[in-house]
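Notes for the one structure printed next.
Every chain is numbered from 1, with letters handed out A, B, ... down the list of sequences.
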Amino acid sequence: MTFQAMYEWVNNTAASRFLQDSTLWFPVTEVFHLIGLTILIGAVFVVCLRLFGFGLMQPASQTYGGLWGWTWLGLALVLGSGIILFVAEPTKLATNEAFAYKLWFLAAGIALHIFGYVRFLKPGRIEASPVLARVVATLTLCCWFLAGVAGRAIGFV
Amino acid sequence: MPFMSFFQWLQETDMSVAIRESRLMFPLLEGTHVMALALSVGIIVVLDVRLVGWGLRSTPVSRIFENLRPWALFGFTIMFVTGILLFISEPIKCVTTPSFLIKLVLLAFAGLNALFFDRGVYPSIAGWDTSLAIPGRAKFAGAASLFLWFVIIFLGRWTAYA
């Protein structure tokens, strides 16, 4: 099955038809998408600030410990609503250049989050390699911001 | 709608026309507005979450507020300035769109809520800074802020769709 065939298959599902016919659910889902991004960026930004010497004057691992649930909630909201938004218009997104960029930032963001960010915020890890922790923090933050920018650009290109 | 002639005039100013007709300016402003929102409201959510007692419970409230407020204000300033410019680009559409007018009212409520917290609740912080027994008024301010900002995001998106 080629990608094109997959997009067309998604486009013909009952769920996609329902979303295409509704003028309400698409914008409502977009709102949840944006709220998810807001929660995710807020929680990640506050933790990353500390790694650069700003923010809450306590170990970054303690800050992450108090916010990890919100980080995952934000990510789950973004992904869940994002899948619904994709199902609503797969064939349009397939040829949208901004969407392609967004997917790369998203993939990089998730990989960094799971294999870098979460691991580095265990107590003691940052102190052991502070420079690498800053690199991971910068890249994670960049990925989420750029995913947001590319996502907003989908409607403009 | 009162002041309609003013909004008519505003819509015909060079600045309004320039933003509205530029293929680059409008998307740039709107994109910056949304990302500044993610930053400032994202930080506000962290503050509110602590007040309500849903996160960061091992961190004193004053530490969170004193350290994060400047960053929230920084994001808010960018959001505010880009918001004004977006309004200038299409004032007639904005003031005739119900979701925009409700959004303005809720923004005023969010401001009053922050003022109420700052003047009426925060001064007694020493008594409950590290306590998990947060006063009801502080919890209310946090919950109200969360609710207002999420509805404001909803109305902002609705205005763009109108």
Side-chain angles (χ1 to χ4, degrees), chain A residues 23-24 26-50 52-74 77-78 81 98 141-142 144-157, chain B residues 22-50 52-72 74-75 79 99 146-147 149-162:
Chain A
T23 52
L24 180 68
F26 190 81
V28 166
T29 310
E30 274 192 325
V31 171
F32 280 101
H33 200 56
L34 187 49
I35 288 176
L37 183 70
T38 300
I39 293 173
L40 176 65
I41 283 186
V44 171
F45 185 79
V46 170
V47 172
C48 290
L49 266 185
R50 181 67 192 107
F52 293 100
F54 305 104
L56 304 177
M57 292 302 143
Q58 62 186 28
S61 55
Q62 188 190 342
T63 305
Y64 179 69
L67 286 173
W68 69 271
W70 292 91
T71 315
W72 285 105
L73 174 73
L77 264 178
V78 166
S81 57
L141 212 46
C142 282
W144 297 135
F145 262 101
L146 291 172
V149 170
R152 186 65 199 90
I154 289 171
F156 286 123
V157 295
Chain B
S22 163
R23 287 190 58 188
L24 198 61
M25 275 304 278
F26 195 84
L28 269 182
L29 284 172
E30 203 167 60
T32 310
H33 189 64
V34 170
M35 294 318 294
L37 176 152
L39 181 64
S40 64
V41 178
I43 295 171
I44 290 171
V45 167
V46 171
L47 307 177
D48 293 339
V49 154
R50 175 63 179 88
V52 180
W54 289 339
L56 282 178
R57 296 204 289 186
S58 67
T59 307
V61 175
S62 63
R63 185 185 291 168
I64 299 177
F65 270 73
E66 278 156 29
N67 277 291
L68 296 184
R69 192 175 287 208
W71 294 98
F74 166 72
M79 178 168 63
S99 57
L146 279 177
F147 173 77
W149 279 110
F150 286 159
V151 178
I152 288 166
I153 291 176
F154 177 87
L155 292 166
R157 194 66 202 93
W158 232 254
T159 306
Y161 253 83

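- The distance from atom CD1 of A:Ile35 to atom CZ of B:Arg157, rounded to the nearest 0.5 Å, is 12.5 Å.
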Let's go through B:Leu56 and A:Thr63 carefully: what are the C-alpha distance in whole Å and the side-chain angles of both, what is the deciding distance for side chain to side chain contact (heavy atoms under 4.5 Å, CB included) to 0.1 Å, and is it a yes or a no? CA-CA 7 Å; B:Leu56 282 178; A:Thr63 305; 4.1 Å; yes

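- The candidate with the highest count of non-hydrogen atom pairs below 4.5 Å against chain B, out of A:Leu40, A:Leu37, A:Val28, A:Val44, is A:Val28.
- For B:Phe150, the parts sitting under 4.5 Å from any heavy atom of chain A are the backbone and the side chain alike.
- The parts of A:Leu24 that come within reach of chain B are both its backbone and its side chain, each placing non-hydrogen atoms under 4.5 angstrom from that chain.
- Both the backbone and the side chain of A:Phe145 have a heavy atom closer than 4.5 Å to some heavy atom of chain B.
- Contact annotation for A:Leu34: only side-chain heavy atoms (C-beta onward) come within less than 4.5 Å of a heavy atom of chain B.
- Between atom OG1 of residue B:Thr59 and atom CD of residue A:Gln58 there is a gap of 3.5 Å, rounded to the nearest 0.5 Å.
- Of the atoms belonging to B:Ile43, heavy atoms from both backbone and side chain fall under 4.5 Å from chain A.
- The greatest number of non-hydrogen atom pairs below 4.5 Å with chain B, out of A:Thr38, A:Ile39, A:Leu67, A:Val149, is found for A:Thr38.
- Atom CH2 of A:Trp72 sits in a crowded spot, with more than 12 heavy atoms from other residues, nucleotides or ligands closer than 6.0 Å.
- Heavy-atom distances place the side chain of A:Phe54, and not its backbone, under 4.5 Å from chain B.
- Between B:Gly31 and A:Arg152 the shortest heavy-atom distance is CA-CG, 4.1 Å.
- Atom CZ of A:Phe26 has more than 12 heavy atoms from other residues, nucleotides or ligands within 6.0 Å.
- A:Leu49 places a side-chain heavy atom less than 4.5 Å from the side chain of B:Leu68.
- Formation of a donor-acceptor pair under 3.5 Å by the A:Trp70 side chain with backbone atoms of B:Trp54 is found in this model.
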Can you check side chain to side chain contact (heavy atoms under 4.5 Å, CB included) on B:Glu30 and A:Phe156, steps first, answer last? CA-CA 10 Å; B:Glu30 203 167 60; A:Phe156 286 123; 3.0 Å; yes

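- With a 4.5 Å cut-off on non-hydrogen atoms, B:Arg63 touches chain A through its backbone and its side chain both.
- For chain A, the nearby parts of B:Leu37 are the backbone and the side chain; heavy atoms of each come within less than 4.5 Å.
- Counting only heavy atoms from C-beta outward, the side chains of B:Phe154 and A:Phe32 never approach each other to under 4.5 Å.
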